[in-house]
Protein chains: 2
Amino acid sequence: MASDKTIGRLSRYRRILYSLQASGKANVYSHELARLARGTAAQVRRDLMVLGCTGSPTHGYDVDCLIESVAQVLDAPEGQRVALVGIGNLGRAVLAYFVGRRPKLSIVAAFDKDPQKVERVTHGCPCLPMDSLGKTIREKCIEVGIITVPAGAAQEVADTLCEAGVMGLLNFAPVRLWVPSTVYVEDIDVTMSLEKVAFFARQVKAGA
Amino acid sequence: MASDKTIGRLSRYRRILYSLQASGKANVYSHELARLARGTAAQVRRDLMVLGCTGSPTHGYDVDCLIESVAQVLDAPEGQRVALVGIGNLGRAVLAYFVGRRPKLSIVAAFDKDPQKVERVTHGCPCLPMDSLGKTIREKCIEVGIITVPAGAAQEVADTLCEAGVMGLLNFAPVRLWVPSTVYVEDIDVTMSLEKVAFFARQVKAGA
DNA sequence: TAATTCTTGTGAAATCCTTCACAGCGTTAC
DNA sequence: GTAACGCTGTGAAGGATTTCACAAGAATTA
């Protein structure tokens with residue numbers, strides 16, 4: 001129904017809408033949202049079409065109503081639980097950012113194979129040993145996994161997660177994961193992104 | 001010339017090619033690369049068209065030659081220097097991953113406003129105080145910046161970097177940066193990615 | 001009241017990206 | 001020798017996404 005890209009942008013719009021709301025703005029025009037989100041007004045209107053919420057030609061869109069409508073699309077009413085595997089610097093950064101932030105999408109457990117890190121609570125999230133991974137996923141009905149382990153361990157972790165019933169993976173490891181076709185995987189490939197930036201930084205310089 | 005997406009995939013192919021090379025494989029067919037990179041054989045061949053390097057119908061592509069050709073496109077012959085700003089967990093994770101990894105794309109300085117973190121060397125990279133940011137960028141001819149500071153500080157950092165002549169930014173802060181149109185920005189938006197994963201994890205479950 | 005000026009919502013066009021399909025060609029099999 | 005095979009390179013088709021462009025409509029102004 002809604003494309004990958006549209007869903008991504010809705011998430012971005014939502015962040016902007018929250019900050020508009022916080023600053024007391026009640027209405028917003030598509031071109032304002034577009035400027036804040038680096039897009040075109042037409043793009044914004046297209047994206048907002050997938051929400052039921054409709055705007056008025058005179059005041060634009062109602063901010064509260066938009067936030068509501070985006071939530072209706074992006075959030076599960078009953079909430080979704082997330083597990084993070086790999087408590088290195090990256091894992092901690094993600095934990096620090098997410099724990100307690102979204103009520104409908106909460107990281108409820110973190111895992112590491114290093115016993116030193118286990119049995120603690122990092123950023124308000126219990127850290128558990130790796131061998132309890134599958135069991136905990138099942139017990140806590142966790143639907144989404146975040147993989148922040150080194151490349152070599154990623155596939156094994158992914159296997160365990162999928163087998164335990166996780167339906168979506170956010171993968172930071174620089175490997176392509178092999179998972180059942182029913183599982184949605186999103187890769188965050190920092191090397192690739194950096195190489196892209198370096199390439200285009202050079203192109204711009206060359207005048208192209 | 002070559003699109004954004006193609007450049008990204010070339011970077012991914014390169015990683016795969018390195019591992020093929022390490023495992024002693026001398027030649028590779030487009031369909032093999034495609035399987036490893038989660039793409040189609042046609043896609044791979046299209047992408048490889050932008051390289052000069054040509055394959056043979058009988059042995060496919062020469063791995064060494066491909067690596068060479070990809071480097072010719074992605075790497076600057078004289079190398080490119082990168083600065084990282086914001087030595088939190090995320091910054092350290094990126095440093096740990098990159099320092100000493102790519103000869104042609106090296107993080108040569110890291111910055112933080114916390115004096116505790118400054119004057120040390122993290123992962124082999126000198127940490128400098130924030131107020132020397134502009135000066136150091138210019139002195140070391142740094143072309144690319146990585147922003148791993150909190151959202152509130154990102155724009156100011158971006159301004160300083162751009163003013164000092166950086167032409168590309170890799171931005172981890174969850175804000176859209178306002179930069180001159182000659183500067184290429186790539187955002188890594190973890191919240192957006194996680195929300196996307198959660199959404200599609202749910203869709204799959206619903207049977208769509 | 002009527003004209004003007006904003007906007008939204010959305011078909012239609014345009015653009016970008018991916019996939020198809022096949023000619024061309026070494027190599028192998030017989 | 002020649003037929004059959006499997007791959008590359010690429011024009012052309014197909015699909016997806018973005019942008020254009022304009023009808024419709026509410027406030028504002030004269």
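In the text below, chain A, chain B and the rest are named by the order of the sequence lines, each starting its count at 1. Fair warning: this is a prediction, and the values are worked out from it, not measured in the lab.
- Among residues two or more places apart in sequence or in another chain, the salt bridge (charged side-chain N to carboxylate O under 4.0 Å, His left out) test is passed with A:Asp62 by none.
- Residue pairs that meet the disulfide (SG to SG under 2.5 Å) test with at least one member in residues 160-189 of chain B, sequence neighbours left out, do not exist here.
- Nucleic acid contact for B:Ser30: sugar-phosphate only, since backbone atoms but no base atoms lie under 4.0 Å from a heavy atom of the residue.
- A residue-by-residue look at A:Asp4 and A:Ala42 shows that A:Asp4 has its nearest nucleotide of DNA chain D further toward the 5' end.
- Under the rule for a ring pair (Phe, Tyr, Trp, His ring centres under 6.0 Å), the partners of B:His31 that lie at least two apart in sequence or sit in another chain are B:Tyr29.
- For the contact set between residues 43-59 of chain A and DNA chain D, defined by any heavy atom under 4.0 Å, the members are A:Gln43, A:Arg45, A:Arg46, A:Pro57, A:Thr58.
- For residues 35-84 of chain A, the pairs satisfying disulfide (SG to SG under 2.5 Å) are A:Cys53-A:Cys65, with sequence neighbours left out.
- Every residue meeting the salt bridge (charged side-chain N to carboxylate O under 4.0 Å, His left out) condition with B:Arg102, not counting sequence neighbours, appears here in chain and number order: A:Glu195.
- Residue pairs meeting the salt bridge (Lys or Arg N to Asp or Glu O under 4.0 Å) criterion with at least one partner in residues 162-188 of chain A, sequence neighbours excluded, are A:Arg176-A:Asp187, A:Glu186-B:Lys196.
- Checking A:Tyr184 against A:Asp4 by side-chain atom types alone, a donor-acceptor pair falls below 3.5 Å.
- In this structure, a donor-acceptor pair under 3.5 Å is absent between the side chains of B:Asn27 and B:Tyr61.
- Counting only Watson-Crick or G-U wobble pairs whose defining distances are both under 3.5 Å, the stems of 3 or more consecutive pairs in DNA chain C are C:1-30 with D:1-30.
- A salt bridge links B:Arg15 with A:Asp189: the distance from a Lys NZ or Arg NE/NH1/NH2 to an Asp or Glu carboxylate oxygen falls below 4.0 Å.
- Here B:Glu139 pairs with B:Lys135 under the salt bridge (charged side-chain N to carboxylate O under 4.0 Å, His left out) rule; sequence neighbours left out.
- In the 5' to 3' direction, nucleotides of DNA chain D lying under 4.0 Å from heavy atoms of chain A begin and end at D:dT17 to D:dA27.
- For the side-chain contact (heavy atoms from CB on, under 4.5 Å) with B:Leu10, the lone residue among B:Leu17, B:Leu51, B:Leu66 that qualifies is B:Leu51.
- Protein chain A touches strand DNA chain C; the 5'-most and 3'-most nucleotides with an atom under 4.0 angstrom of its non-hydrogen atoms are C:dT7 to C:dA12.
- With contacts defined as side-chain heavy-atom distances shorter than 4.5 Å, the pair B:Asp112/B:Met130 does not qualify.
- Pairs passing the salt bridge (Lys or Arg N to Asp or Glu O under 4.0 Å) check and including a residue from residues 72-88 of chain B, sequence neighbours excluded, read B:Arg14-B:Asp75, B:Arg81-B:Glu143.
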